[in-house]
Amino acid sequence: MYIREKNEEIIENVISTALISAMEKGDFQVETLPEIMLEVPREKEHGDYATNIAMLLPKLAKKAPRVIAQSIVDNAMIDDTPIKSIEIAGPGFINFRLKDQWLDEVVTQIHEMGNDYGKTTGHRGKTYNLEFVSANPTGPMHMGNARGGAIGDILASIAQWTGYEVTREFYINDAGNQIEKFGDSLDVRFRQLMGEDIPFPEDGYQGEDITEHMQTFIEEEGGTDACARYMQMEEAQRKEIFVQRCLKLNISKMQKDLETYGIHYDVWFSEQSLYENKDIEKALTLLKESGDTYEEEGALWFATTKYGCEKDDVLVRNNGLPTYFLGDIAYHLNKFVTRGFDRCINVWGADHHGHIARLKAAMTATGVDAHRLDIVTMQLVRLMRDGETVRMSKRKGETVSLVDLIEEVGKDAARFFFNLRSPDSHFDFDLGLALEQSNDNPVFYVQYAHARICSILRQMEEEQPQSDLNLTLLKEPEEKSLMLRLSTLPEEIIIAEEKMDPSRLTRYAIDLASDFHSFYNACRVRVDDEGLRNARLALIQATRTVLKNTLTLLGVEAPERM
RNA sequence: GCGCCAAUAGCUCAGUCGGAUAGAGCAACGGCCUUCUAAGCCGUGUGCCCGGGGUUCGAAUCCCUGUUGGCGCGCCA
């Protein structure tokens, strides 16, 4: 159990025990006690913890806040606890101060736990599916996918650290209209390369990659003469060949690029497989059994409005083909029912937020508790160049690809940068700033802290520190601040998981690095005083562990030298 | 028109289960390297927390309303 957690539990116990004995003595009387809330005061002068309980009671107890607070303080038993003092302040806050020793215990605990420091077991035994990126396999991945990748992968790591058994999953949209368009685009480019004068479809994929695919194809098949036989084929058959081949190439390219980005998926799930395994039909049967489907104008509808949505949605078109919506329902039933995940989280672009309610509705209708499904919506990245917005369109082929970005700024900077702001905040990516390798990039600041520590440790290895560790020698404010920061990693991870906001960890890393740099400038580690030297050595070793653990969660390297 | 998300320092953003004097980075200015990496540290100041109502001991935070911006509202995905 973590020290902070233990302290908080003790303080809460002290408060509730004090409340009960105060009431037994007749100081005041209430029917039901409100939940005891502890907060960490912004001002250090207000102690380590504060509670507002005495300000919540007056309405029920008919006594003034400070009177109630006094009564609580009078009845508080703090002997043999880590609590140093209790006082009443302001309008009725009760402030708690802890004995200094608790911070020393944090350092000791970090040494004991090492790479596991920060892990908790609250969700042990539960399975967690995280689906993210899921870019269309019809072309290269762009900057939006880069943000989704960083958010999803880090969220997955965070979930693992809170005890979940996590599966990272990529949903391949290898069925439906996009694929049709992909085939059309490939086919027309092929025929153009073969010398036919035909116009390119208005809504086709105009990217260079389509043409390059077909150029490679023709080369590999032995040139235009050898490819003449493809021109003789039925169009549909030819397209099928092109699609199969190029889809495979695109998918393996995505796998490779995502690995470069530090993301490894456990499952690549094919939309097409939902058709082959009859999952679509099974989903349809379940939906029909719910009684919330009906036929109209030749299509099959799902009465989404029954679940509070704005309008009903089509499941099967009047041409007999399932919609993407039905496919998505089947996919999620596969996750929840067939594979039995306890929780499923999807990272979606905010432009898909309209689908959240209806997907949840479909889960409810088919008997899946919709609370098990969560969607993290991510505001799309707005690309800025020379102070102006650049519109990106995959269809027109106007993209800055994920690969280009990683080549320019590196995996670490890209991941760090995309995870700097909460997913729901609009995010401007300034190309000029990102493509020049600038020191403004905060990832260097954090990595530098780690490298600095390693440098000191290298020099001290030869100097053979003695045992007899006495952490009470760490008294400087910079030392205390650093220790305090070290103590909060476990709860930061828990909160990041609860709020599904991985950017909190990035900011934690920056704050921790900042506390270390301040310490570094204020306190020298390699001092003559052996006791102090040992204590500071222990502190920076603990700091290195915590920095390393945080960077590991973020998927960013922790360099030993810079 | 309806729905979702946002609006906080010059800029980019934290803070939002209601708490004590609203924070950080960047930008500006001034200091700190004969001492463990100056990719660092320290200091200086700036806010009608978008406007207007309401709820209460207390509101950037909750409710209502208006404004502005992004996105969505297809038998596309």
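Keep in mind that what you see is a predicted model, and the values were worked out from it rather than measured. Naming: A, B, ... by sequence-line order, numbering from 1 per chain. Only heavy atoms go into these numbers, but all of them, side chains included; no hydrogens, no water, no symmetry mates.
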Can you tell me if [X] uses its side chain to pair, donor with acceptor, with the backbone of [Y] under 3.5 Å?
X	Y	result
Asp174(A)	Ser270(A)	no
Asn95(A)	Gly47(A)	no
Asn136(A)	Thr138(A)	no

(message) Any non-hydrogen side-chain atom of Ile36(A) less than 4.5 Å from a side-chain atom of Ile11(A)?
(response)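 No, their side chains stay 4.5 Å or more apart.
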(request) Check whether NZ of the Lys or CZ of the Arg Arg452(A) lies under 6.0 Å from the centre of the six-membered ring of Phe516(A) and within 45 degrees of that ring's axis. (result)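 Verdict for Phe516(A): no cation-pi partner in Arg452(A).
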(message) Here's a test of your reading of the structure: between Tyr448(A) and Asp511(A), which maps to the more 5' nucleotide of RNA chain B?
(response)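 With Tyr448(A) and Asp511(A) compared, the 5'-side residue is Asp511(A).
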(request) Return the 5'-most residue of the pair Asn319(A), His517(A) with respect to RNA chain B, ranking by each residue's nearest nucleotide. (result)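 Going by which nucleotide is closer to the 5' end, it is His517(A).
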(request) May I have the distance from Arg526(A) (atom CZ) to U37(B) (atom C1'), rounded to whole angstrom? (result)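 My rounded result for the distance is 12 Å.
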What is the nucleic acid contact for [X], judged by heavy atoms within less than 4.0 Å: base, sugar-phosphate only, or nothing?
X	value
Tyr445(A)	sugar-phosphate
Ser455(A)	base
Ala451(A)	base
Cys309(A)	nothing
Tyr520(A)	base
Ala299(A)	base

(message) Is it the case that C75(B) (base atoms only) and Asn318(A) (side chain only) share a donor and an acceptor within less than 3.5 Å, ignoring hydrogens and angles?
(response)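 Looking at the base of C75(B), it does pair with a donor or acceptor on the side chain of Asn318(A) (distance under 3.5 Å).
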(message) Counting only side-chain heavy atoms from C-beta out, which of C36(B), A39(B), C76(B) sits nearest to Arg317(A)?
(response)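 Looking only at side-chain atoms, Arg317(A) lies closest to C76(B).
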(request) Between protein and nucleotides 4-21 of chain B, map the contacts as a letter string: B base, S sugar-phosphate only, - none, heavy atoms under 4.0 Å, written 5' to 3'. (result) BS------BSSS-B-BBS
(request) Using both pair distances under 3.5 Å as the test, note the stems of at least 3 consecutive Watson-Crick or G-U pairs that include RNA chain B. (result)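 Looking at RNA chain B, the stems formed by three or more consecutive pairs are B:1-7 with B:67-73, B:10-13 with B:23-26, B:28-32 with B:40-44, B:50-54 with B:62-66.
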(request) Kindly check if the number of other-residue, nucleotide or ligand heavy atoms within 6.0 Å of CG (Asp529(A)) is above 12? (result)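 Above 12, so yes.
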